Amino acid sequence: MGRLMILEAEQLLVEAGCPKINLLVRTTNSEVIRFYERLGYVIDDVISLGKRLESDES
């Protein structure tokens, strides 16, 4: 189901003229990284910077 949803979203983005998709996935989320890699996504050589203003803990 997830694969079909991503493929549909990609097609809609192509039709809208979007040239590239960027995803943010936590490095510890290896299962999701493998999912996207199987769909043709590659790890870009970039750095994402962030600053937590609130705690992630519940």
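Worth knowing before you read on, the calculation uses all heavy atoms, side chains too, and leaves out hydrogens, waters and symmetry mates. Given the structure is predicted, the values throughout are model-derived calculations rather than measurements.
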With a cut-off of 3.5 Å and sequence neighbours excluded, list every side-chain donor-acceptor pair involving residues 5-13.
| unit_1 | atom_1 | unit_2 | atom_2 | d |
| --- | --- | --- | --- | --- |
| Glu10 | OE2 | Tyr41 | OH | 2.5 |
| Gln11 | NE2 | Glu15 | OE2 | 3.1 |

Would you say Val14 ends up clustered with Leu39 if hydrophobic residues are merged whenever their side chains have heavy atoms under 4.5 Å apart, either directly or through other cluster members? no
Between CG on residue Asn29 and CZ on residue Phe35, distance to nearest 0.5 Å: 11.5 Å
For Thr27 and Ile33, the nearest pair of non-hydrogen atoms, with its separation, is O-CD1, 3.9 Å
When rounded to the nearest 0.5 angstrom, what distance separates CD1 in Ile43 from CG in Leu23? 11.0 Å
Side chain to side chain contact (heavy atoms under 4.5 Å, CB included) evaluation trace for Leu53 with Lys51: CA-CA 6 Å; Leu53 300 178; Lys51 179 180 180 181; 4.2 Å; yes
